[in-house]
Amino acid sequence: MAFQRSHRLNLLRLVVLLLVALAGIKFLFRDSFTLELHKHVSKDSGFWGDVGDTGQDTGPQSQALDLSVAKITAPRQDPGQQVSRDVSATEMRLVHLDLKGAAPRVSYLEQVFPLLSQLGANGILIEYEDMFPFKGELEILKSPYAYSEDDIERIQQLAELHKLEVVPLVQTFGHVEFILKHEKYQHLREVERFPNSFNPHVPDTLALLKSILSQVIEKHRRSTWIHIGADEVFHLGEGMDSKNWMSRNKGDTGTMYLKHIKEVLGFITTQYWGLRVLMWDDMLRKISVGALQESGIAKHVSPMVWFYAPDFEAEQIGPFLAKYAESGFEAVWFASAFKGTTGPAQTWPPLSYHLKNHLSWLKVMQALPQLAPLRFQGIVLTGWQRYDHYSVLCELLPVGIPSLAVCLQTLVNGGFTEETKRKVLDALGFQSMQLEQSTCEGRGAFPGVEIYHMVEQVNGHLKESILKALEEESAIKGWFSPYHRKRQFGNPRNMESFGSKVLKLHEDWESFVRDLRAHLERVYFPDTVEEWMEENINPYLDQLRDLVRDYRAIIRLNARPKAT
């Protein structure tokens, strides 16, 4: 018995020694791997590369995109920064913040992020455009109300606090009006007259994009992904440089498009090891499988298939997915919409429309294994704020939150049941919801709910009440017509028959607008407030204001002869 105990004790010691030895080997390997990794990613040891080096021998044009998938997905480290976590097995639900219009103050995002997390989001796609605090030569690109560097850091801290992955979006081909509108960069336009798209043949285009990407990525060192946009490259191939290139190379717009995308990806994959890249897919739909395979971009970017219609079948998306799988892509993202896709001047999101869009996407997700051998990585719920840099504002974010809640919870719960509806109502503080009427009843308890209710009043009553007073009041039509007002000719007896009603209507709406402005100013910067007022309030209220001004001026004249 003693011998057996001694034998077991020796075996136990041997096992412990082996474990200690293995731990030591692992520790040494880890240190050497970390040291090697820091050589790639440390800011102080060349992680950002030489942005100014645009020589042909080291540029992306001459570098094959042949990095292995394992290398691309390896984690990045940086002293003092969070290690990018492996989210390859996580289905992401990103909420799109389109900041090229109505960019919220950071204080509002501080209130919204907890709600996004509660509703089921685990990330945000931030399209900064001119709200990013560009520096140096790029400072001309930023809005007067652009976020500060501290704001960018605060946004990321808030996102991290609420477990939201931050994915910055930088447009690298089309939708670059905020860049090409400046005289400084007009020579980079594909077509001189239009500021929509880059000319990919001018060396300054890639040099500029390297600078823009570097500044944005520098401020998002925690991020696992970056989105390079690349959708709707209007007028590509119409510029003289493009026509000459296609003629010389016997190419087409598809190969020309891929050449530019390959250069952008070459810069990112060589300078920012481990950073995953996303892009919109609409331009890829038109390009052949052979061209996509030959380009090699499938190793370095995941397509984001976007479709915003309310009712569509999985079979409509299937051909795109099969094509991408055949072209070598391994993962795919989808993009739905919770606002901003039903009209460039839409002010109120149709709930049923956006819900149906998400129900359709759920069908695609369920059918994906039969449609194509692609790994579904995530979905972005887009919330467009403008159709482009020059268009008017779409639905404001506070107005779109009920739609966002419905759509997010539909994805989380795999459908929109009564239980899902109850969760949405509880999260928003409403008593009931009418999807077809796009209305919610109750006071509500979410950030910006006051704006939600007040915009509802504007949509439903402002225009109607003013036009009714101006066009249907017989005394106004009979005794205070545009002719009377122009000639300052009016009878106080008849004018007083409608005066009190008109003055009361004017006073009520002016008081309402003051309150609305105060709520908007808590959420938005002055330029957004003024723009929204000019587009949605003033076209109607100004008519009432003018009538009241003329009424007060003419009634004081005490029935004088008409002016000549």
Side-chain angles (χ1 to χ4, degrees), residues 91 93-98 116 119-121 125 231-232 280-282 285 303-321 332-368 370-371 376 378-388 391-425 427-428 430 432-440 452 455-456 459-460:
E91 291 184 1
R93 290 182 292 271
L94 309 184
V95 173
H96 176 219
L97 296 179
D98 178 18
L116 299 185
L119 290 171
L125 176 66
D231 60 315
E232 296 183 327
W280 302 118
D281 86 304
D282 55 292
R285 299 175 195 176
M304 188 171 282
V305 184
W306 59 272
F307 208 63
Y308 305 144
D311 295 299
F312 62 91
E313 299 299 326
E315 289 73 20
Q316 293 175 253
I317 306 296
F320 304 140
L321 301 178
V332 67
W333 287 65
F334 299 144
S336 58
F338 72 91
K339 76 177 186 74
T341 60
T342 55
Q346 184 79 9
T347 57
W348 196 257
L351 293 180
S352 179
Y353 183 102
H354 294 296
L355 170 59
K356 289 175 182 176
N357 175 248
H358 287 78
L359 292 173
S360 294
W361 273 118
L362 281 175
K363 294 176 184 176
V364 176
M365 295 174 199
Q366 293 160 3
L368 182 58
Q370 289 75 47
L371 295 173
F376 171 60
I379 185 169
V380 169
L381 294 85
T382 63
W384 300 102
Q385 195 56 76
R386 295 189 197 277
Y387 275 35
D388 67 31
S391 67
V392 299
L393 295 171
C394 301
E395 307 98 310
L396 296 175
L397 181 56
V399 172
I401 283 181
S403 177
L404 175 59
V406 166
C407 297
L408 263 174
Q409 279 292 293
T410 295
L411 294 176
V412 170
N413 294 286
F416 191 76
T417 63
E418 283 300 316
E419 177 62 22
T420 306
K421 183 177 180 180
R422 175 46 51 193
K423 289 179 180 178
V424 171
L425 292 173
L428 301 181
F430 286 131
S432 61
M433 175 182 296
Q434 304 300 324
L435 289 174
E436 293 301 327
Q437 288 74 41
S438 300
T439 57
C440 299
Y452 174 87
V455 171
E456 187 176 28
N459 285 346

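- Applying the side-chain hydrogen bond (donor to acceptor under 3.5 Å, both in side chains) rule to Trp348 yields no partners; only residues at least two apart in sequence or on another chain are considered.
- Judged by distance alone, with hydrogens and angles left aside, the side-chain atoms of Asp282 form a donor-acceptor pair with the main-chain N or O of Glu232 at under 3.5 Å.
- For the side-chain contact (heavy atoms from CB on, under 4.5 Å) test, residues two or more places apart in sequence or in another chain that qualify with Gln437 are Gln434, Thr439.
- Using a 4.5 Å cut-off on side-chain heavy atoms (C-beta onward), Leu435 and Leu355 make contact.
- Note on ring orientation: taking the six-membered ring where Trp is involved, the planes of Trp361 and Phe334 are parallel (angle under 30°, cut-offs 30° and 60°).
- The closest side-chain heavy-atom distance from Val332 to Val305 is below 4.5 Å.
- No donor-acceptor pair closer than 3.5 Å links the side chain of Asn357 to the backbone N or O of Ser336.
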Side-chain donor-acceptor distances from residues 307-316 under 3.5 Å, at least two apart:
from, atom 1, to, atom 2, distance (Å)
Tyr308, OH, Trp384, NE1, 3.2
Gln316, OE1, Glu313, N, 2.8

Please tabulate, for the side chains in residues 391-413, all donor-acceptor contacts under 3.5 angstrom to protein atoms that are two or more places apart in sequence or on a different chain.
from, atom 1, to, atom 2, distance (Å)
Ser391, OG, Tyr387, N, 2.9
Ser391, OG, Asp388, N, 3.1
Ser391, OG, Asp388, O, 3.1
Glu395, OE1, Gly340, N, 3.1
Ser403, OG, Phe338, O, 2.7
Gln409, OE1, Asn413, ND2, 3.0
Gln409, NE2, Leu119, O, 2.8
Thr410, OG1, Val406, O, 2.7
Asn413, OD1, Lys423, NZ, 3.1
Asn413, ND2, Gln409, O, 2.8

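- Considering only residues two or more places apart in sequence or on other chains, Arg386 meets the salt bridge (Lys or Arg N to Asp or Glu O under 4.0 Å) condition with Glu531.
- A search for side-chain hydrogen bond (donor to acceptor under 3.5 Å, both in side chains) contacts involving Glu436 returns Ser352, not counting sequence neighbours.
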### Task
Before giving the answer on side chain to side chain contact (heavy atoms under 4.5 Å, CB included), spell out for Trp280 and Trp333 the whole-Å C-alpha distance, their side-chain angles and the decisive distance to 0.1 Å.
CA-CA 9 Å; Trp280 302 118; Trp333 287 65; over 6 Å; no
